[in-house]
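Quick caveat: nothing in here was measured; it's all calculated off a predicted structure. Atom set for the values below is all heavy atoms of this structure, side chains included, hydrogens, waters and symmetry mates excluded. Numbers here are sequence positions counted from 1.
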Amino acid sequence: RYRQRHLLSPSNAKMQNDQGDVVDIYFPRKCSATTSIIGAKDHASVQINIAKVDPQTGIMTGDQYTYAFCGPIRSMGETDDSLNRLTDAAGITKGVYEAN
């Protein structure tokens, strides 16, 4: 019984890529609105990717803006306001967010 528990312990669990290099299983993210770490068990969190567009052609460039929002921000209904504020600050939108 001890041997089974020992074989399944997290210290022995290593994720490897095709080349055999050990890679991390989980990369923590930070909430774009609050800069707090989004935990692995925060199942209400979302990540929104907005494509960068070439202004002359209107075609996507392949790059993107990435915004992550934690569950508490979403449960308060502040995601849309935060996204508007962040995209205004980045220059993606103009004049959408105005603080009262």
Side-chain angles (χ1 to χ4, degrees):
R1 185 169 178 107
Y2 170 76
R3 181 160 171 74
Q4 283 181 331
R5 207 173 344 127
H6 178 70
L7 290 175
L8 299 176
S9 69
S11 62
N12 291 336
K14 292 184 172 64
M15 184 175 229
Q16 297 179 345
N17 61 11
D18 293 338
Q19 289 77 28
D21 299 327
V22 177
V23 295
D24 287 333
I25 296 172
Y26 171 72
F27 293 103
R29 296 175 294 163
K30 287 181 91 172
C31 178
S32 299
T34 63
T35 66
S36 61
I37 298 284
I38 298 174
K41 297 293 182 181
D42 186 356
H43 298 294
S45 64
V46 294
Q47 179 172 314
I48 299 172
N49 297 325
I50 300 173
K52 291 184 182 179
V53 178
D54 184 357
Q56 273 67 20
T57 62
I59 298 174
M60 294 186 324
T61 63
D63 293 330
Q64 59 193 4
Y65 298 95
T66 301
Y67 298 101
F69 297 101
C70 60
I73 292 295
R74 294 193 64 219
S75 67
M76 291 187 293
E78 295 293 325
T79 307
D80 58 341
D81 188 43
S82 298
L83 185 62
N84 287 338
R85 178 177 49 83
L86 292 166
T87 55
D88 269 359
I92 300 170
T93 57
K94 295 178 183 165
V96 174
Y97 178 77
E98 293 182 15
N100 295 336

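With sequence neighbours left out, the side-chain hydrogen bond (donor to acceptor under 3.5 Å, both in side chains) criterion links Thr79 to no other residue. For Thr35, the side-chain hydrogen bond (donor to acceptor under 3.5 Å, both in side chains) criterion is met by no residue, not counting sequence neighbours. With sequence neighbours left out, Ile37 forms a side chain to side chain contact (heavy atoms under 4.5 Å, CB included) with Pro28, Lys30. For Asp18, there are no side chain to side chain contact (heavy atoms under 4.5 Å, CB included) partners, not counting sequence neighbours. Legend: residues meeting side chain to side chain contact (heavy atoms under 4.5 Å, CB included) with Ser82, ordered by chain and number and at least two apart, are Ala33, Phe69, Ile73, Glu78, Arg85.
Minimum heavy-atom separation, Asp42 to Pro72: OD2-CD, 4.1 Å. The minimum heavy-atom distance linking Thr93 with Asn84 is given by the pair OG1-O, 4.2 Å.
Crowding of Met60 atom CE: a count of heavy atoms from other residues, nucleotides or ligands under 6.0 Å not exceeding 12.
Distance alone, capped at 3.5 Å, is enough to place a donor-acceptor pair between the Arg74 side chain and the Ala44 backbone. In terms of modelled atom types and a separation under 3.5 Å, the side chain of Thr34 and the main chain of Cys31 share no donor-acceptor contact.
Within the structure, the side chain to side chain donor-acceptor pair (under 3.5 Å) test picks out the following pairs touching residues 50-64 (sequence neighbours left out): Asp54-Thr57.
Using a 4.5 Å cut-off on side-chain heavy atoms (C-beta onward), Tyr65 and Thr87 make no contact.
Rounded to the nearest 0.5 angstrom, Ile50 CD1 and Ile92 CD1 are separated by 5.0 Å.
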